[in-house]
Amino acid sequence: MQEPTDVKYYPSDEPVRLGLEHFNRGSYGLAQRYFKDAVEKSPKDVTAWIGLAASYDRIRRFDLADQAYAQAIRLGGETVQVLNDQGYSYMLRGNLSAARRKFEKAYTLDPGNPVIANNLELLNGSRRFIERPPNNQP
């Protein structure tokens, strides 16, 4: 049996707020720490899981990002934000086909979303930059 004194109170949004603040400043390692703290304190907080996944992407821990995205999907489903963020994750990895699939699925759900449209445009620019004719091999 749990005693009332065993229950700890955490200011609900403090770790997420700090995670977002550091993420927006480009301090992805610090953001990852705060989002990790947030999911440990509130394991059902979808926002914290998405923030953790995006932070892992930026520090190139794609294995951990995939796990965090999977948990966010288990809790909240394949939302536009998760699909868009997963697309960006795949783009960072250089997996442009997987990125396109995620962006297009997100775009289907929210065709007026300027962030998704921008990411598709960025992806198209990336694809043009790296495609080479087949006879242009070293």
Side-chain angles (χ1 to χ4, degrees):
M1 175 178 262
Q2 189 175 34
E3 296 293 321
T5 56
D6 294 339
V7 177
K8 295 180 182 175
Y9 172 76
Y10 298 105
S12 61
D13 283 343
E14 190 68 10
V16 171
R17 185 187 66 75
L18 290 168
L20 288 168
E21 185 179 311
H22 286 286
F23 189 91
N24 290 331
R25 287 184 187 167
S27 299
Y28 305 116
L30 287 174
Q32 175 269 323
R33 288 184 197 158
Y34 282 110
F35 285 125
K36 189 170 190 309
D37 182 43
V39 300
E40 288 171 353
K41 291 175 179 172
S42 268
K44 293 184 179 181
D45 186 338
V46 177
T47 301
W49 282 107
I50 293 170
L52 181 60
S55 298
Y56 280 140
D57 280 335
R58 296 303 182 107
I59 61 173
R60 306 193 66 73
R61 287 303 311 266
F62 301 121
D63 56 328
L64 297 175
D66 288 341
Q67 292 173 25
Y69 285 126
Q71 185 61 23
I73 290 168
R74 274 192 289 279
L75 293 170
E78 277 192 324
T79 63
V80 170
Q81 182 179 4
V82 169
L83 290 167
N84 181 67
D85 288 3
Q86 283 182 309
Y88 197 83
S89 176
Y90 285 123
M91 193 166 59
L92 288 174
R93 303 173 203 200
N95 187 342
L96 303 184
S97 297
R100 180 170 301 286
R101 284 192 301 275
K102 293 292 183 177
F103 287 145
E104 287 176 350
K105 192 169 183 180
Y107 189 78
T108 300
L109 295 173
D110 188 2
N113 188 312
V115 174
I116 299 167
N118 185 60
N119 283 339
L120 279 166
E121 190 173 317
L122 183 63
L123 179 67
N124 289 336
S126 297
R127 186 170 290 283
R128 279 192 297 275
F129 179 72
I130 64 166
E131 286 185 340
R132 295 178 186 91
N135 61 353
N136 191 16
Q137 300 297 318

Colleague: Could you grab the distance from atom CD1 of I50 to atom CD of Q86, nearest 0.5 Å is fine?
Modeller: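 Separation between the atoms: 9.5 Å.
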
Colleague: Compare every heavy atom of V80 with every heavy atom of I116, then report the nearest pair and how far apart it is.
Modeller: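 Looking at all heavy atoms of both residues, the closest pair is CD1-CG1, 3.4 Å.
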
Colleague: List the atom of A65, the atom of A53, and the distance in Å for their closest heavy-atom pair.
Modeller: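 For A65 and A53, the tightest heavy-atom pair comes out as CB-O, 3.5 Å.
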
Colleague: Where is the tightest heavy-atom contact between W49 and A72, given as atom of each residue plus distance?
Modeller: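 Shortest heavy-atom separation between W49 and A72 comes out as CB-CB, 3.9 Å.
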
Colleague: To the nearest 0.5 Å, what is the distance between CZ on R101 and CG on L96?
Modeller: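 It is 11.0 Å, given to the nearest 0.5 Å.
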
Colleague: About how many Å separate OG of S55 and NE2 of H22, when rounded to the nearest 0.5 Å?
Modeller: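 Going from NE2 on H22 over to OG on S55, the span is 10.5 Å.
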
Colleague: Step by step, would you call K102 with E78 a side chain to side chain contact (heavy atoms under 4.5 Å, CB included)?
Modeller: CA-CA 10 Å; K102 293 292 183 177; E78 277 192 324; 3.8 Å; yes

Colleague: What heavy-atom pair brings V16 and F35 nearest, and what distance separates the two atoms?
Modeller: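 Closest approach of V16 to F35, heavy atoms only: O-CE2, 3.9 Å.
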
Colleague: Would you sort out whether Y90 and L123 count as a side chain to side chain contact (heavy atoms under 4.5 Å, CB included), showing the intermediate values?
Modeller: CA-CA 10 Å; Y90 285 123; L123 179 67; over 6 Å; no

Colleague: What do the steps show when you test N119 against Y107 for side chain to side chain contact (heavy atoms under 4.5 Å, CB included), and what is the final call?
Modeller: CA-CA 10 Å; N119 283 339; Y107 189 78; over 6 Å; no

Colleague: With rounding to the nearest 0.5 angstrom, report the CG to CG distance, D13 to D45.
Modeller: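 Answer rounded to 0.5 Å: 7.5 Å.
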
Colleague: Looking at L120 and F103, what are the two nearest heavy atoms and their distance?
Modeller: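 That would be CD2-CB, 3.5 Å.
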
Colleague: Can you check whether N124 reaches R100 side chain to side chain, under 4.5 Å on heavy atoms?
Modeller: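 Yes; the side chains approach each other to less than 4.5 Å.
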
Colleague: Is a side-chain donor or acceptor of S42 paired with a backbone partner of A38 at a separation under 3.5 angstrom?
Modeller: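 The answer is no, because no donor-acceptor pair under 3.5 Å joins these two groups.
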
Colleague: State yes or no: do L20 and V115 share one hydrophobic cluster built from I, L, V, M, F, W and Y residues joined by side-chain heavy-atom distances below 4.5 Å, directly or via other members?
Modeller: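 Cluster IDs for L20 and V115 differ.
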
Colleague: Measure the spacing between CG of L83 and CG of N113 and express it to the nearest 0.5 Å.
Modeller: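 Interatomic distance, L83 CG to N113 CG, rounded to 0.5 Å: 11.0 Å.
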
Colleague: Could you tell me whether a side-chain N or O of S89 sits under 3.5 Å from a main-chain N or O of D85, the two making a donor and an acceptor?
Modeller: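 Answer holds: no.
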
Colleague: Between L75 and P43, what is the shortest heavy-atom contact and its length?
Modeller: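 Reported closest heavy-atom pair: CD1-O, 3.4 Å.
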
Colleague: Is any side-chain heavy atom of R60 closer than 4.5 Å to a side-chain heavy atom of Y28?
Modeller: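 Answer no - side chains too far apart.
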
Colleague: Which residues pass the side chain to side chain contact (heavy atoms under 4.5 Å, CB included) test with R33, not counting sequence neighbours?
Modeller: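 Per chain and number, R33 pairs via side chain to side chain contact (heavy atoms under 4.5 Å, CB included) with L30.
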
Colleague: Tracing side-chain links under 4.5 Å among I, L, V, M, F, W and Y, which residues wind up in one group with L18?
Modeller: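 Reading the cluster by chain and number, L18 sits alongside Y34.
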
Colleague: Could you state the interatomic distance from CZ (R17) to OG1 (T47), rounded to the nearest 0.5 Å?
Modeller: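 Those atoms lie 15.0 Å apart.
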
Colleague: Test of understanding: clusters of I, L, V, M, F, W, Y form through side-chain heavy atoms closer than 4.5 Å, transitively. Do F23 and V82 belong to the same one?
Modeller: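 Looking at the clustering, V82 is in the same group as F23.
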
